[in-house]
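Just below is one structure, and these are the notes that go with it.
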Protein chains: 2
Amino acid sequence: MVKKRVTITDIALEMGITPSTVSRALAGNQRVRVDTRERVLNVAAKMGYQPNVLASSLRSGRSDTIGMVVPRINRHFFSHVISGVEAVLNPAGYNLLISQTHERQEHEIKAFSTLLRNRVAGIIVSHSVETQTFEHFRQIIDEEISLVQFDRVTEQVPGPRIVNDNFLGALRSTQHLIKNGCRRIAHFAGALHVNVYEQRLDGYRYALEQAGIDVDPALIVENCIVQEAGMEAVENVIVPQQVDGIFAASDLSALGAIRTLKELNIAIPEKVKISGFANEPFAEMIDPTLTSVEQNAFEMGNQAARSMIESLGKEDPVSEEIHIPVRLIQRRSSVLNNSI
Amino acid sequence: MVKKRVTITDIALEMGITPSTVSRALAGNQRVRVDTRERVLNVAAKMGYQPNVLASSLRSGRSDTIGMVVPRINRHFFSHVISGVEAVLNPAGYNLLISQTHERQEHEIKAFSTLLRNRVAGIIVSHSVETQTFEHFRQIIDEEISLVQFDRVTEQVPGPRIVNDNFLGALRSTQHLIKNGCRRIAHFAGALHVNVYEQRLDGYRYALEQAGIDVDPALIVENCIVQEAGMEAVENVIVPQQVDGIFAASDLSALGAIRTLKELNIAIPEKVKISGFANEPFAEMIDPTLTSVEQNAFEMGNQAARSMIESLGKEDPVSEEIHIPVRLIQRRSSVLNNSI
DNA sequence: GTTTTTTGTGCAAACGTTTGTATTTTTGTA
DNA sequence: TACAAAAATACAAACGTTTGCACAAAAAAC
């Protein structure tokens, strides 16, 4: 099904010179005369030459393809990170090979394998929620392929980690609820072995402690990040425990809570104040609008790409952690008066 | 930066056999004895062998990488199509190389070039909004690379086209407004050189004609697909023209209209009924909830991938058009009583 | 027991580049 | 004009596979 394509040998034959000269001319090598370079470029263009990246990478041992492994491409946050990575990598001459894990470690392992087989120069990854062991990173590290982690990361693997300031976001968010009069504040947490949810819980705890409020374990709802979980939590925790504030680690569970509270005619924000996390697009569209912590996914992608490019130039990976600032966006779900 | 990796030659040396036998064993070739195959597999696993796709593709002339070109990765619709493509392609052993055009034809051309250089087996593409000429598809066609178009497509390029049933969606949507009592129905259209928007306009027109309602050009607002455009259109068209129904080609412009109408205290759906297109996640979250035409992006991706795989097996491309069914979802923005 | 067929391996070339080294051409200098 | 130095080009090997063909050993047929 594939036609034969024009190669540098074809160009060389056409011009009566050698493939090596053509190669050097195309590469902009200094050792080829200016006018021959221009002639080569002309003939190449005329013949519709497209360099064969496979052959080039094979011979040179260099690759301009970066692999990216994310839980789900079609999640708002991740698709924006991807976009941010692409925005930096493409102009720099790199391509992106993308795999999704669907939150399965098994798929993560397969994805790594595929990327290694494709001889990517580096891998940008955010762990699947299942991922708690890291032996499958061994091969990447052993083969000295640059590795950049973002969002869901671990210190057990070397290389740069690009993360949101989850702790600060949670801290500010909880402080905001306290400042607005909440005293019994619940937390909808995620899976606590994942760094982002652990840190959000820490921020929540710290805010309470600073304010002299006891942390009540009964008010911490684990694995509460989807809408349905938020709904159930209202029945099981919010109402029985007489909660007056909710800091949700996810906008979706916050949404679930809002919906159920509205059904029960419990006034938001009068009776219960709510803030979420991620500032999903719907946060400003629902009624009441949802206070949330904005995380700059696009910028996170930019930074991940920049760290990757930097890593590619270095011998040994630097295991720094880079924080992308977050911002609390106050909306009606947590503020009484109409001043916002 | 890249360590030397284990090759089939290393395996062959280790076992005292020949690289060709190793190659055949790994490929599952019949001509190699069963027990040697198993021994090879064992040694390969033990040595941590990862086949070099570059070398393999270079030699065999075959590629298991598919390129995908979309306007924007981080748009809800496209990210779901990508996900759908991936869901079919990955299990079939293909990889996805993704580029975004940011709606620029110039980037589309560059993306094609990149994919060709990477010797992809096929390209799945949805045009940028700028794309009105198609010479840059020439090279893809000439090199006999499989091409599948989706959503934004043209008949000027051969190969399968996977599209939503835009006409039917628009027809049903407009009929729905008519059935609910609207007589002066405006249409927020997109760029009419793009097939999807053209077809939505056609569906709108056809519905009016069938109902014996004159099509008033003053009620057709072109290039009205972002929120701001919807807002402006309320001031410029909806109010002055005493419109009682809006069929928007985009949920975003519908949202803009809703917001401005609410500001002007014009009751929805009592005074103006509205329906959008795409069924974005926010459609069921805003107030009032937005009637919209659901398009199955994930399924569209599945189908695009299936068509691609099919194309790869064929000599000549079949230029069929495959329609993904759409569904009108009735919500409060267009229906008076509470029965929905 | 010899010949034919089958089965399993090995050999070597090829895919399209890049790149170290050798060779030729050009340039500069005496 | 001759000669060395510098510049430009050519040669050939290599990257890691795949694959047609040759070949040997084993199995089957006579």
Side-chain angles (χ1 to χ4, degrees), chain A residues 1-41 43-44 47-65 93 116-121 143, chain B residues 1-41 43-44 47-65 93 116-121 143:
Chain A
M1 170 115 216
V2 177
K3 236 180 190 171
K4 75 169 182 305
R5 292 184 249 260
V6 26
T7 70
I8 55 168
T9 312
D10 296 331
I11 298 176
L13 244 47
E14 174 80 19
M15 298 180 63
I17 58 175
T18 258
S20 46
T21 303
V22 176
S23 172
R24 281 190 254 257
L26 292 170
N29 191 309
Q30 301 295 355
R31 303 186 30 142
V32 51
R33 223 193 304 162
V34 183
D35 72 293
T36 47
R37 168 162 52 242
E38 284 180 359
R39 272 168 48 231
V40 168
L41 258 39
V43 176
M47 296 177 77
Y49 171 71
Q50 290 283 16
N52 187 329
V53 171
L54 305 178
S56 170
S57 290
L58 175 61
R59 169 58 233 242
S60 68
R62 280 180 256 107
S63 164
D64 53 359
T65 303
L116 290 176
R117 279 207 280 268
N118 279 277
R119 297 297 186 262
V120 295
E143 306 223 350
Chain B
M1 170 114 219
V2 176
K3 236 181 189 172
K4 73 171 184 303
R5 295 183 248 261
V6 26
T7 70
I8 55 169
T9 313
D10 297 331
I11 298 175
L13 245 46
E14 173 79 20
M15 298 180 64
I17 58 174
T18 260
S20 44
T21 303
V22 176
S23 172
R24 282 189 258 257
L26 292 170
N29 192 311
Q30 301 294 357
R31 305 194 32 133
V32 52
R33 221 192 305 161
V34 183
D35 74 293
T36 46
R37 166 160 56 240
E38 284 179 359
R39 273 168 47 231
V40 168
L41 258 37
V43 176
M47 296 178 77
Y49 171 72
Q50 291 283 16
N52 187 329
V53 171
L54 304 178
S56 170
S57 291
L58 176 60
R59 170 58 232 243
S60 68
R62 281 179 255 108
S63 164
D64 54 0
T65 302
L116 290 175
R117 280 207 279 268
N118 279 277
R119 297 298 186 263
V120 295
E143 307 223 349

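Hydrogens, waters and symmetry mates are skipped; everything else that's a heavy atom, side chains included, is used. Protein chains get the first letters and strands the later ones, always in sequence-line order, with residue 1 at the start of each.
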Can you check the [X] [atom1] to [N] [atom2] distance for me, whole Å?
X	N	atom1	atom2	answer
A:N29	D:dA8	CG	C1'	10 Å
B:L26	D:dT18	CG	P	8 Å
A:I11	C:dG16	CD1	P	12 Å
B:R117	C:dG16	CZ	C1'	15 Å
B:L13	C:dG10	CG	P	12 Å

What's the spacing between [X] [atom1] and [Y] [atom2] if we round to 0.5 Å?
X	Y	atom1	atom2	answer
A:T18	A:L13	OG1	CG	9.5 Å
A:Q30	A:R37	CD	CZ	6.5 Å
A:R5	B:L116	CZ	CG	7.0 Å
B:R39	B:M15	CZ	CE	4.0 Å

**Study point:** Reading 5' to 3' through nucleotides 9-15 of chain D, protein heavy-atom contacts under 4.0 Å coded B for base, S for sugar-phosphate only, - for none
**Key:** BBBBBBB

State, yes or no, whether a side-chain contact exists between [X] and [Y] at a heavy-atom distance under 4.5 Å.
X	Y	answer
B:N52	B:T7	no
B:R119	A:V53	no
A:N118	B:L54	no

Output yes when at least one side-chain N/O atom of [X] is less than 4.0 Å from OP1 or OP2 of [N], else no.
X	N	value
B:S56	D:dT18	yes
B:T9	D:dG16	no
A:R62	C:dT19	yes

Point to revise | B:V43/B:Y49 under side chain to side chain contact (heavy atoms under 4.5 Å, CB included): CA gap, chis, key distance, verdict | key: CA-CA 9 Å; B:V43 176; B:Y49 171 72; over 6 Å; no

**Study point:** Contact nearer the 5' end of DNA chain C, comparing B:R119 with B:Q30
**Key:** B:Q30

Exercise for review: Note down the inter-axis angle between the two ends of the helix from C:dG1-D:dC30 to C:dA30-D:dT1, five pairs each, to the nearest 10°.
Suggested key: 40°

Practice item. Report the residue from A:I17, A:V32, A:L41 that forms a side-chain contact (heavy atoms from CB on, under 4.5 Å) with A:V22. Key: A:I17

